[in-house]
S.K.: 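Attaching a single structure in structure tokens format; questions to follow.
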Amino acid sequence: MSETPTQPLFASVLRAARKLRELGDPLPDDLVAQLSKLETSELSETDRRNQLEALVGPYVLVDVTIHKEGFATSAPGAAPPRLVQHGWRSFLVRVANPHRLEANLSSWDGGVYGVIDHQSHSARIALADTLTIVPRIKNAWLDAKLAGPDALSGLETEYRVISLYARDSGVRSGGVMLFATDEHNHHSLSRSPLGLAGMRTSFELREYAAKFDFDCAPAREIELDIREPDGRSCMAAITVADPQGRAYPSKAMRLAPDMFFQEHVYRATGEVIALPAGQYQVTAIRGPEYRPVRFDTSVDPETQRIPVTLDRWVDPASRGYYSGDPHIHAGGCSHYNIPSEGVTPETMIRHVRGEGLWLGSVLTWAPCYYHQKQFFSGESISPPAELEDPPMQAAQGMTWTPRPTDRDAESALRYDIEVSGFPSSHSGHLILLGLTDQDYPGTSIIEDWPSWNLPVLRWAKEQNALVGYAHCGIGLGVGTEELPNYVVPSFQGIGSNEIIVDVPLGAADFQCGGEFAPAAELNIWYHLLSVGYRTLMLGETDYPCIYDEGPGVGRTYVRLSEPPTGPQAIEAWIAGLRENASYFGDGRSHVFDLAVDGDVSREHPLDAAGPVRVSATVAAWLPEDPPAPPPTRPVYSAPVGWHLERSRIGTSRTVEVEVVLNGLVVATQEIVADGTDQELSFDVTVERSSWLAVRILRSVHTQPIFLEVAGRPIRASRRSAQWLYDSVDQLWEAKSGFIREGEREAARQAYDAAQAAYASRRAECEVD
């Protein structure tokens with residue numbers, strides 16, 4: 001068998017040395033110098049190889065041998081197995097591949113196991129049904145990541161780098177196992193009992209893993225002194241990252257209320273994060289009404305706390321506008337507890353407070369319905385942000401004590417329902433806000449609910465609920481960004497489908513968006529407004545299903561005379577939506593006090609056609625330069641969604657404010673998005689009864705002001721009426737087959753009634 005050439009072997013070691021330096025655990029400088037000198041020495045190939053392996057051997061933690069059958073065995077190397085609690089240490093791995101198998105080097109379930117159980121906590125998604133078992137959580141204390149490319153080089157010997165994270169301090173027993181997989185499909189190369197498929201017990205892992213008694217140096221709990229600019233305590237989103245970009249606490253080791261799919265965690269003033277000694281970058285923000293605060297800090301044995309002062313650039317509540325996210329979830333999506341159960345109100349309120357929201361509507365839906373419905377009370381609640389499962393969290397090392405803050409009472413939750421995963425979901429997912437009863441009459445399981453939406457909406461409206469459609473744009477894109485457009489969509493998705501039937505029958509109040517392309521989301525709304533309906537549009541997040549970043553990625557601001565607090569908070573907010581000014585968007589731009597001739601009322605009758613003065617106070621904030629990817633928190637996570645960055649004109653700090661009349665832009669002004677309030681006014685000619693709104697496309701959009709001229713109703717577009725009429729036909733073709741046979745006749749009658757309403761309004765329209 002031929003020997004490994006020394007030049008590729010040296011290249012492998014030097015690549016690994018560079019990676020160790022990048023990860024903050026460099027080899028000694030004199031050792032690297034010796035390696036470089038040895039590489040060009042005149043010694044024989046054998047002597048150079050032997051000296052190389054002797055030099056790096058003391059830094060090898062794991063020796064891996066890949067056998068011809070495809071399985072791998074791991075053994076301890078000479079490197080002392082010293083780790084640091086709540087931090088990462090990186091080591092060399094020596095891989096012997098004498099048969100030169102083409103493979104990827106992988107670790108199974110993170111390649112680690114604890115004293116009792118081999119499963120890595122990083123495998124939480126595959127192990128959802130076991131995450132409430134305290135012994136499993138307690139012993140999933142070690143995480144591992146291989147650095148660099150997966151594919152082996154094909155050399156007989158090469159060196160790689162592995163990083164290990166320890167949750168605990170002290171001496172802990174555990175092991176590391178690596179194995180070879182097919183480089184194309186990641187399946188184990190071995191078909192023998194010794195292959196991956198045959199090594200799924202703790203005993204067998206111990207047989208083929210490298211076993212260690214790790215010595216883990218303790219970290220320290222560092223208090224976060226988070227303050228508003230005025231000194232008040234609060235909850236905020238805090239990201240702590242080391243120079244290699246690794247987030248703390250480890251994402252793989254998190255339990256609620258810390259989410260493994262986020263870089264940040266939510267902490268209140270006086271709460272802590274455990275950190276080993278080292279250098280860190282801290283980022284703090286409390287939703288889009290704040291500029292991100294970023295600074296470098298060091299943690300040493302004397303460090304006790306890190307002061308953090310937030311940077312608020314706008315305060316809509318000071319002007320009477322209160323934010324809410326009408327669509328967030330506590331279970332069924334990205335959650336890491338059993339998705340069918342999810343997390344508690346004590347976790348959800350932490351996230352709502354940490355994003356600076358006044359209200360969060362926690363919607364129970366099919367995957368978590370039977371567990372989460374226990375939290376429905378018919379009232380708004382503002383619970384303490386306690387740790388929801390103390391035994392699990394203690395087992396995971398979460399020993400910090402939750403703290404109240406000065407701003408806690410400003411945020412509330414209301415548990416309601418999203419009709420998603422129910423028999424009528426094909427018609428579009430419904431949001432039912434402000435229910436007093438969450439069980440549809442005559443049903444005991446969700447499969448018994450109606451198979452189309454109108455009966456559900458009517459039942460909810462009997463409770464005085466505000467009802468409408470979630471993620472309105474899904475399935476409604478038609479390949480154009482034109483607004484309005486007249487292309488009838490296929491209605492094959494789960495967006496605002498049946499809304500075109502429900503609105504003319506008085507059964508739907510709103511649709512929610514702010515997540516996808518504006519043309520897909522706004523087109524139905526514009527058409528409904530242009531034939532005289534008063535349908536609302538709300539901003540939502542659908543956290544953490546569409547957006548994992550946090551609640552309030554899309555949000556709705558409602559003008560109220562007083563803050564929405566207490567058990568009736570959502571009712572006050574809903575009343576404001578029905579009657580008062582409101583706007584929705586990403587929270588990075590705001591339109592206050594939209595008025596026509598000084599009147600901020602939603603209904604503004606005009607005696608005659610003619611000019612009007614449109615005024616508003618607009619505020620927007622962008623950093624002076626477009627952010628360089630990747631930011632600490634995503635600039636935007638949806639490929640076609642709403643974010644003020646998408647409104648930036650070129651690389652300037654300028655955005656365009658538009659006045660929309662009957663869906664068409666009739667006036668514009670550019671503003672600099674520097675965070676200041678800017679008083680704008682526009683002269684607009686109103687020729688007939690119309691609706692009027694202001695927007696910064698892809699960032700903010702107001703509810704309309706309705707302008708009825710000489711008492712005539714709004715019938716602004718015959719083409720809109722025709723589009724709605726034709727869309728009912730397409731909707732029936734797409735969805736009627738999903739409606740139960742016993743309900744189909746009533747549905748057909750409702751569809752016919754909606755078309756008759758559109759036909760009537762089409763005849764009344766003044767212009768195409």
S.K.: Any donor and acceptor pair, going by atom type alone, linking the side chain of Asp416 with main-chain N or O of Gly434 inside 3.5 Å?
M.R.: yes
S.K.: Would you please say whether a donor-acceptor pair under 3.5 Å links the side chains of Ser690 and Asn662?
M.R.: yes
S.K.: When the ring planes of Trp459 and Trp449 are compared, do they come out parallel, tilted or perpendicular, using 30° and 60° as the limits?
M.R.: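 Trp459 vs Trp449 ring planes: perpendicular.
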S.K.: Using distance alone, with no hydrogens and no angle criterion, decide if Glu743 and Ser451 have a side-chain donor and acceptor under 3.5 Å apart.
M.R.: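 Note: Glu743 and Ser451 side chains meet the donor-acceptor criterion.
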S.K.: Angle between ring planes, Trp525 versus Phe584, binned at 30° and 60°: parallel, tilted or perpendicular?
M.R.: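 Rings of Trp525 and Phe584: perpendicular, as their planes differ by over 60°.
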S.K.: Among side-chain atoms of His351 and Tyr543, is any donor-acceptor pair under 3.5 angstrom?
M.R.: yes
S.K.: Other residues, nucleotides and ligands only: do more than 12 of their heavy atoms fall within 6.0 Å of CD on Glu741?
M.R.: no
S.K.: Between Thr436 and Gln463, do the side chains contain a donor N or O and an acceptor N or O under 3.5 Å apart?
M.R.: yes
S.K.: If you count every heavy atom of other residues, nucleotides or ligands that lies below 6.0 Å from Phe738 atom CZ, does the total exceed 12?
M.R.: no
S.K.: Tell me whether Glu579 at atom CD has more than 12 heavy atoms from other residues, nucleotides or ligands lying less than 6.0 Å away.
M.R.: no
S.K.: Looking only at heavy atoms, which two atoms of Trp732 and Ser736 are closest? And how far apart?
M.R.: O-OG, 2.7 Å
S.K.: Give a yes or no on whether the backbone of Gly475 and the side-chain of Gln492 come within a donor-acceptor separation of less than 3.5 Å.
M.R.: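 No.
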S.K.: Checking Asn580 against Gln703: is there a side-chain donor and acceptor pair closer than 3.5 Å?
M.R.: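 Distance-only check fails for Gln703 and Asn580.
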S.K.: Will you find, in the side chains of Glu289 and His590, an N or O donor that is under 3.5 Å from an N or O acceptor?
M.R.: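 Side chains of Glu289 and His590: no pair found under 3.5 Å.
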S.K.: Quick one: do the Gln511 and Ser496 side chains pair a donor with an acceptor below 3.5 Å?
M.R.: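 Yes, side-chain donor-acceptor contact under 3.5 Å.
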S.K.: Report yes or no: do Tyr469 and Asn497 form a side-chain donor-acceptor pair below 3.5 Å?
M.R.: no
S.K.: Could you go step by step and tell me if Ser530 and Ser717 meet the side chain to side chain donor-acceptor pair (under 3.5 Å) rule?
M.R.: CA-CA 6 Å; Ser530 290; Ser717 173; 5.6 Å; no
